[in-house]
Protein chains: 2
Amino acid sequence: MNRNPEAKSYDETISEKGFRFTEQRRAVYDALMGKRDHPTAVEVFMRVKGKVPTISLATVYNCLETLTDCGLVKTVNHDRESARYCPNLAEHAHLFCESCGGVTDIPLRAKRRAHDIWDLPPDVSISHHEISFRGLCPKCAKAAARQTTKCK
Amino acid sequence: MNRNPEAKSYDETISEKGFRFTEQRRAVYDALMGKRDHPTAVEVFMRVKGKVPTISLATVYNCLETLTDCGLVKTVNHDRESARYCPNLAEHAHLFCESCGGVTDIPLRAKRRAHDIWDLPPDVSISHHEISFRGLCPKCAKAAARQTTKCK
DNA sequence: CTAGGTGCAAAAGGTTTGCGGTTAA
DNA sequence: TTAACCGCAAACCTTTTGCACCTAG
């Protein structure tokens with residue numbers, strides 16, 4: 001009964017699922033864990049190339065898919081933009097900043113269950129819900145506040 | 001002060017925004033309003049071809065974009081699938097059915113505001129939130145219930 | 001040894017764009 | 001009359017795939 005999903009390590013998970021340990025796979029995972037800013041596949045590719053110069057974009061995509069299948073990584077889609085990848089396995093939502101375009105994790109300590117929050121039709125069966133926010137990330141919100149203060 | 005967003009008609013909106021009335025635009029809009037099942041651009045294309053046989057897919061895309069810019073239609077994205085289009089302007093979420101793949105509108109009569117529902121960090125500014133559900137649509141939920149009953 | 005993984009290049013799939021001709025206003 | 005719009009085809013961008021070679025187990 002492991003309550004913390006991140007407690008299960010990369011090594012454990014990869015072994016358990018019968019995948020191999022490769023330099024590329026590990027480098028892709030490390031790139032995500034190192035800077036948790038929801039990079040696209042191309043951004044991961046650029047970061048990993050520093051460590052594994054021979055890696056190809058296709059391999060980055062393959063590794064990301066494997067990691068996602070393992071449950072070590074989650075895919076974040078926003079509108080029709082490139083997919084982004086997120087190693088945060090705790091329950092959370094994403095805030096898409098309207099100012100800087102960045103993606104911020106919002107821990108979702110829901111105070112209530114879905115059916116308490118909304119009047120859901122009785123004849124649907126909800127297995128899971130996803131929330132995403134638009135607005136200003138902490139940095140941009142602060143900048144905006146400063147701006148407003150100055151103008152007044 | 002118009003409380004019901006759908007009260008503002010196609011004609012009104014198109015005029016107001018300075019767009020032209022074209023057969024294609026109207027047919028695309030009618031196709032969405034006629035069967036509100038969140039079709040993809042290609043599905044809209046196929047439906048509209050019955051009425052306007054000369055229409056092209058590019059025009060369907062252009063019309064959908066115009067209608068979206070007008071605020072007459074909303075784009076619904078799910079994972080990396082084709083975009084779907086929805087003329088329901090009332091506040092609602094989407095239920096993506098894990099059984100039939102269909103998309104159902106879920107009226108969202110929220111009982112509370114975002115900050116009451118979740119413990120949001122104090123330093124973010126939320127302008128709007130989107131909720132999507134996975135589960136079984138009414139039809140499939142009913143079928144599943146029947147199945148379960150039978151087995152027991 | 002061998003199934004799984006990698007790198008490359010080509011294909012796929014969805015959407016957008018450029019352009020010459022057409023049409024609503 | 002003319003700017004907006006249409007239809008077509010080509011371009012675009014992200015992601016997937018086929019295949020020959022490589023390597024972890």
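Being a predicted model, the structure only gives us computed values, none of them experimental. Hydrogens, waters and symmetry mates are skipped; everything else that's a heavy atom, side chains included, is used. First the proteins, then the strands, lettered A, B, ... as listed; each starts at 1.
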Using a cut-off of under 3.5 Å, enumerate the N/O to N/O pairs linking the protein to nucleotides 14-17 of chain D.
unit_1	atom_1	unit_2	atom_2	d
D:dT15	OP1	A:Ala83	N	2.8
D:dT15	OP1	B:Arg80	NE	3.4
D:dT15	OP1	B:Arg80	NH1	3.2
D:dT15	OP2	A:Tyr61	OH	2.4
D:dT15	O5'	A:Tyr61	OH	3.4

Stepwise side-chain contact (heavy atoms from CB on, under 4.5 Å) test for A:Val124 and B:Cys137: CA-CA 5 Å; A:Val124 302; B:Cys137 68; 5.8 Å; no

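- For A:Arg134, the salt bridge (Lys or Arg N to Asp or Glu O under 4.0 Å) criterion is met by A:Asp79, B:Glu130, not counting sequence neighbours.
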Evaluation steps, side-chain contact (heavy atoms from CB on, under 4.5 Å), between B:Val28 and B:Leu67: CA-CA 9 Å; B:Val28 166; B:Leu67 294 170; 3.8 Å; yes

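- Considering every non-hydrogen atom in both A:Thr68 and A:Leu64, the closest pair reads OG1-O, 2.7 Å.
- With a heavy-atom cut-off of 4.0 Å to chain A, the contacted part of DNA chain C has its first and last nucleotide at C:dA3 to C:dT15.
- Within the 4.5 Å cutoff, no side-chain heavy atoms of B:Leu136 are placed close to those of B:Lys142.
- The nearest whole Å value for the distance from the CZ atom in B:Phe21 to the C1' atom in D:dC6 is 18 Å.
- Taking atom CD1 of A:Ile55 as the reference point, atom P of D:dT23 lies 14 Å away to the nearest angstrom.
- Using modelled atom types, one side-chain atom of B:Glu43 and one backbone atom of B:Thr40 make a donor-acceptor pair closer than 3.5 Å.
- Atom NZ of B:Lys49 is separated from atom C1' of D:dG7 by 13 Å (rounded to the nearest Å).
- Side chains of B:Tyr61 and B:Thr59 form no contact here, defined as non-hydrogen atoms less than 4.5 Å apart.
- Regarding contacts with the backbone of D:dC6, every side-chain N or O of B:Thr59 stays at 4.0 angstrom or more from both OP1 and OP2.
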Audit row: B:Lys49, B:Arg47, side-chain contact (heavy atoms from CB on, under 4.5 Å) steps and yes/no: CA-CA 6 Å; B:Lys49 264 209 289 201; B:Arg47 289 178 199 177; over 6 Å; no

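- When rounded to the nearest whole Å, the span between CZ of A:Arg26 and C1' of D:dA24 equals 15 Å.
- Here D:dA4 presents its C1' atom at 16 Å from CD of B:Glu23, a figure rounded to the nearest Å.
- Summary of the strand contacts: B:Ser56 and A:Thr22 both lie near DNA chain D, and taking for each the nucleotide with the nearest heavy atom, the more 5' one is attributed to B:Ser56.
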